[in-house]
Structure formats: structure tokens, C-alpha cells
Trainee: 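Okay, handing you the structure first.
Everything numeric in this text was worked out from a predicted model, so none of it was measured.
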Amino acid sequence: MRRRDLLKVVVGSTATWPVVANAQQAMPVIGLLDLRSPDTVVDRLRAFRLGLKESGYIEGENVAIVYRWAENQVGLLPELAADLVNRNVNVIATAGDQVGLIAKKATSSIPIVFIISQDPVRLGLVASLARPGGNVTGINFFTGELVAKQFELLRELLPAANRIATIINPANAPSTERTVKDIAAAAATLGLQVKTLSASSSREIDAAFVTFVRERYDALLVASDPFFSSRRVQLVNLAARHAIPSIYSQRDFTEIGGLMSYGSRINDAWQQWGSYVGRVLAGAKPADVPVMQSNKLELIINAQAARIIGLAVPATLLARADEVIE
């Protein structure tokens with residue numbers, strides 16, 4: 001499919017979702033921009049709408065949402081952001097580090113409320129957490145900074161593990177650059193041999209696992225990334241097929257059979273995001289709304305996944321888990 005035709009499909013994909021009412025109803029409009037496809041974030045969208053409701057906004061009743069999904073094609077994001085700007089939506093809600101940066105480049109007047117895993121000051125999205133300045137504020141959930149703890153959990157799960165593979169997405173440069181530095185620092189501190197491979201497509205994920213299996217690494221860490229979240233079924237299935245003990249940043253992976261996850265409670269963060277969008281929609285100025293740092297962390301262990309690959313999870317680790325999936 002040609003790029004132009006695909007863009008029409010992506011923009012037109014809102015047909016299956018609540019869209020802007022006619023002009024006579026004069027509802028405020030939120031433009032929601034995400035790198036992924038809607039089917040990969042169903043639970044998170046539910047949490048987002050709950051946050052909106054807490055702020056007094058119910059989709060279809062007193063607010064409309066225009067959804068723009070890039071279907072994991074980064075190159076479409078600038079055009080989708082421009083489309084929302086041209087529609088003159090009241091607020092642009094962006095999910096992901098790259099998405100926030102692209103939206104900020106597209107407009108300096110329409111309020112932008114982001115949800116990201118990296119430091120928004122370092123990324124250049126805001127001037128400071130307390131006083132963002134400009135037209136941007138949002139939610140910063142802790143995921144990108146947790147690599148060292150994830151390595152420690154793998155070492156506790158597998159005391160003899162010394163060679164650990166990691167997989168990153170080079171297409172998501174803002175997050176990946178920070179993650180690579182975190183991986184190197186944590187590996188040096190813990191004395192680990194780490195192999196980092198890149199994957200920005202389904203085919204490259206398959207190729208990465210071929211390398212992992214061939215080189216016989218002890219465990220795998222999957223970096224936090226929207227693309228990997230959208231490909232979580234593939235990642236979890238490959239890890240199970242090759243009996244690779246793996247850790248992820250989000251419970252979405254462990255809920256479908258991944259071994260272990262440690263990171264922020266993403267649904268809670270999306271609910272906070274929805275509340276923040278509602279707050280800005282009601283008239284709050286992003287420049288004066290402090291960035292909220294969502295710091296609720298959780299360790300999830302899938303005991304059934306461990307049994308399938310013949311792994312005994314230490315009782316001490318099970319006892320520390322926030323949830324054990326049987």
C-alpha cells in the first residue's frame with residue numbers, strides 16, 4: 001500500500017471509534033495521537049476515559065475524541081499531528097516520547113498533554129517539572145530508569161546468570177539513547193556481560209531471537225517501548241518457545257504468559273493522564289500545571305510461565321511480588 005493511501009486508512013480509522021460530533025453541538029475536542037494501533041491499548045484507553053470522567057468529561061456526551069493511530073509507522077506521526085493541528089482540536093493528548101516531541105514541533109499554541117516514560121526536561125518537552133512553560137505538560141511514568149533493578153531481579157531469579165541479552169528499538173531514538181546508557185551502567189555495576197540487539201519490525205524481532213538462542217544467553221530483558229508493547233504476543237511466544245527467562249517493563253506481558261515484569265502501573269498512569277487532559281480542557285494552562293510523576297511500581301511474576309520453561313522461582317522473590325499469576 002502506498003504511503004498516501006495508508007495515511008488515509010490511518011486517519012479514517014476513527015470510523016470505529018467515537019468521533020467529533022457535528023459543529024452544532026460545539027463539543028470540545030481532544031486529539032489523541034499514538035504510535036500504536038487501538039487494539040493494543042484497549043485497557044489503557046479504558047483507564048484514560050475513566051480519568052477523563054473523574055475530571056467531568058464523558059466521551060460522546062460532553063467531549064469528543066479524534067483518534068490518530070500510526071500503526072507502528074513512525075514516519076506517519078508528523079502528518080497525523082499536522083492533521084490534528086489543522087482540525088484545531090482543543091487539546092492534543094500524546095502517548096510516547098517521540099509522539100510528544102513531534103506534536104510539540106507541530107504546534108506552539110494548542111495545549112499538549114503527554115504521557116511518557118523518559119524525563120521530559122531532558123527530552124526538551126518542558127522547561128522544568130514544576131513549571132513546564134509553553135503549551136506542554138503531562139504524566140511521566142517511571143519505566144526507562146528501571147533497567148538496573150530489572151537486571152537485579154533477573155540475577156535474583158537466576159543467581160548463576162552472567163550473560164544477559166537485551167532488545168531495544170532504535171527507531172525510538174529519544175528513549176533508546178537513554179536506555180542504552182542505563183544498560184551499560186547497570187551491566188558494569190553488576191558485572192554482567194550484556195548483548196544488545198536492535199529490532200524495529202516483527203522480522204527483526206524474529207532475527208534477534210535467532211541470535212539470542214544461537215549465542216546461548218542466560219536471560220533476556222525487553223526494553224520499554226511502545227512498539228514492543230504492540231508486539232508483546234510475538235515477544236512472549238518466542239521467549240516461551242525457546243525457554244528464555246525474560247523480564248519486561250509492563251504487566252501486559254506477564255498477563256499473556258511472560259515470565260516477569262517490573263515497572264510502573266501503566267493503567268494507573270493512563271488514568272492520571274486522562275484526568276490531566278480533562279484539567280487542561282477545563283482551562284488550566286499547561287505552562288502552570290506541574291508534570292506529574294507516576295511512581296507506583298509493581299513486580300508481577302507468572303508462575304505458570306516459569307513452570308512451562310522448567311524454572312523454579314525462589315520463594316523469596318515470590319514473596320516480594322505484588323502479584324503472582326498462577
Side-chain angles (χ1 to χ4, degrees), residues 34-48 69-74 95-99 115-117 141-144 146-147 150 153-154 157 164-172 175-176 179 196-213 217 219-270 297-306 308-309 311 321-325:
D34 196 313
L35 174 64
R36 293 158 291 198
S37 58
D39 58 295
T40 63
V41 291
V42 173
D43 289 341
R44 298 180 189 184
L45 281 173
R46 190 177 297 116
F48 175 80
W69 309 99
E71 304 288 348
N72 290 318
Q73 299 199 45
V74 176
D97 306 344
Q98 277 179 306
V99 188
I115 182 168
I116 60 173
S117 63
F141 63 90
F142 293 102
T143 295
L146 301 178
V147 169
Q150 291 165 344
L153 289 167
L154 281 176
L157 176 69
I164 297 181
T166 64
I167 183 169
I168 60 172
N169 176 16
N172 187 2
S175 292
T176 298
T179 300
T196 300
L197 291 182
S198 300
S200 300
S201 68
S202 176
R203 182 174 298 178
E204 289 177 350
I205 289 175
D206 287 338
F209 271 85
V210 169
T211 300
F212 296 155
V213 173
Y217 279 82
L220 169 66
L221 184 153
V222 176
S224 172
D225 189 88
F227 170 65
F228 293 151
S229 176
S230 71
R231 301 302 306 170
R232 58 187 177 272
V233 173
Q234 179 187 8
L235 286 159
V236 166
N237 285 346
L238 284 169
R241 182 187 308 166
H242 298 294
I244 302 174
S246 304
I247 189 167
Y248 312 90
S249 297
Q250 299 158 12
R251 69 177 297 139
D252 303 36
F253 291 84
T254 47
E255 287 176 343
I256 62 169
L259 176 61
M260 182 166 60
S261 64
Y262 181 73
S264 293
R265 297 182 180 182
I266 300 298
N267 284 357
D268 286 356
W270 275 58
L297 303 173
E298 60 182 358
L299 170 62
I300 312 296
I301 297 173
N302 190 315
Q304 183 180 35
I308 288 173
I309 64 175
L311 182 65
D322 295 277
E323 182 179 345
V324 176
I325 299 174

Trainee: For the CD1 atom of I301 and the CD1 atom of I325, what is their distance to the nearest 0.5 Å?
Mentor: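 Going from CD1 on I301 over to CD1 on I325, the span is 10.0 Å.
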
Trainee: Would the distance check show the side chain of D322 and the main-chain N or O of I300 forming a donor-acceptor pair, the cut-off being under 3.5 Å?
Mentor: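 Checking the backbone N and O of I300 against the side chain of D322, no donor-acceptor pair under 3.5 Å is found.
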
Trainee: Should the ring pair F48 and W270 be called parallel, tilted or perpendicular, given that the plane angle runs from 0 to 90° and is split at 30 and 60?
Mentor: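 Judged by the thresholds at 30° and 60°, the geometry between F48 and W270 is perpendicular.
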
Trainee: What distance do F253 atom CZ and F228 atom CZ have between them, rounded to the nearest 0.5 Å?
Mentor: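 The distance works out to 8.5 Å.
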
Trainee: So, for I167 and A199, which heavy atoms are closest and what is the spacing to 0.1 Å?
Mentor: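 Closest heavy-atom pair between I167 and A199: CD1-CB, 3.8 Å.
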
Trainee: By side chain to side chain donor-acceptor pair (under 3.5 Å), which residues pair with S202, not counting sequence neighbours?
Mentor: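 Here the qualifying residues are R231, Q234.
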
Trainee: Find out whether R44 and N267 are in side-chain contact, i.e. whether some heavy atom of one side chain is under 4.5 Å from a heavy atom of the other.
Mentor: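 They are in contact (side-chain heavy atoms under 4.5 Å apart), so the answer is yes.
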
Trainee: Begin with the C-alpha distance, continue with both residues' side-chain angles, and end with the deciding distance and a verdict on side chain to side chain contact (heavy atoms under 4.5 Å, CB included) for N172 and V74.
Mentor: CA-CA 8 Å; N172 187 2; V74 176; over 6 Å; no

Trainee: Distance-only, no hydrogens or angles: does the Q150 side chain make a donor-acceptor pair with backbone N or O of Y262 under 3.5 Å?
Mentor: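 Side chain of Q150 to backbone of Y262, a donor-acceptor pair under 3.5 Å: yes, one is there.
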
Trainee: Check this for me: does any side-chain nitrogen of one of R46 and D43 sit under 4.0 Å from a carboxylate oxygen of the other?
Mentor: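 The answer is yes: the pair qualifies as a salt bridge.
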
Trainee: Please examine the side chains of S224 and T179, heavy atoms only from C-beta on, and report whether any two atoms are closer than 4.5 Å.
Mentor: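 The answer is no, as the side chains (C-beta and beyond) never meet within the 4.5 Å cut-off.
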
Trainee: Going from CZ on R232 to OG1 on T40, what distance comes out if it is rounded to the nearest 0.5 angstrom?
Mentor: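 Going from the CZ atom of R232 to the OG1 atom of T40 covers 6.0 Å.
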
Trainee: If I take atom CG from residue D39 and atom CH2 from residue W69, how far apart are they, to the nearest 0.5 angstrom?
Mentor: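 Going from the CG atom of D39 to the CH2 atom of W69 covers 9.0 Å.
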
Trainee: Which value, rounded to the nearest 0.5 Å, describes the distance between S200 atom OG and I168 atom CD1?
Mentor: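 Rounded to the nearest 0.5 Å, the OG-CD1 separation comes out at 8.5 Å.
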
Trainee: Is the side chain of T196 donor-acceptor paired with the backbone N or O of T166 at a distance under 3.5 Å, no angle test?
Mentor: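 A pair under 3.5 Å: no.
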
Trainee: Name all residues meeting the salt bridge (charged side-chain N to carboxylate O under 4.0 Å, His left out) criterion together with D34; count only those two or more places apart in sequence or in a different chain, and write none if there are none.
Mentor: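 Partners of D34 by the salt bridge (charged side-chain N to carboxylate O under 4.0 Å, His left out) criterion, ordered by chain and then number, come out as R36.
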
Trainee: How close do I309 and A240 get, counting heavy atoms only, and between which atoms?
Mentor: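 What the structure gives for the nearest pair is CG2-O, 4.2 Å.
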
Trainee: Testing the basics here: between L299 and L153, what is the closest heavy-atom pair and its distance to 0.1 Å?
Mentor: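 Minimum heavy-atom contact is CD1-CD1, 3.9 Å.
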
Trainee: Which heavy atom in P245 sits nearest to a heavy atom in A243, and how many Å separate them?
Mentor: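 That would be CD-O, 3.4 Å.
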
Trainee: Please tell me if the side chains of L259 and L311 come closer than 4.5 Å, counting only heavy atoms from C-beta onward.
Mentor: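 SC-SC contact between L259 and L311 confirmed.
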
Trainee: If you define the side chain from C-beta out and look only at heavy atoms, does anything of F209 sit under 4.5 Å from L220?
Mentor: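 Touching, per the 4.5 Å side-chain cut-off.
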
Trainee: Taking all non-hydrogen atoms of both residues into account, name the closest pair between V236 and G257 and its distance.
Mentor: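 That would be CG1-C, 3.5 Å.
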
Trainee: Within a strict 4.5 Å, meaning less than it, do heavy atoms of the E71 and S37 side chains meet?
Mentor: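 Yes, at least one pair of side-chain atoms sits under 4.5 Å.
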
Trainee: So, the side chain of D97 versus the backbone of I116: is there a donor-acceptor pair under 3.5 Å, distance only?
Mentor: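 Not a single qualifying donor-acceptor pair exists.
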
Trainee: How would you list, by chain and number, every residue that makes a salt bridge (charged side-chain N to carboxylate O under 4.0 Å, His left out) with E323, sequence neighbours excluded?
Mentor: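 E323 satisfies salt bridge (charged side-chain N to carboxylate O under 4.0 Å, His left out) with R251 once adjacent residues are dropped.
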
Trainee: Look up atom CD1 in I164 and atom CD1 in I247, then write down how far apart they are to the nearest 0.5 Å.
Mentor: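 CD1 of I247 is found 9.0 Å from CD1 of I164.
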
Trainee: S246 and I244: which non-hydrogen atoms are nearest, and at how many Å?
Mentor: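 What the structure gives for the nearest pair is OG-O, 2.9 Å.
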
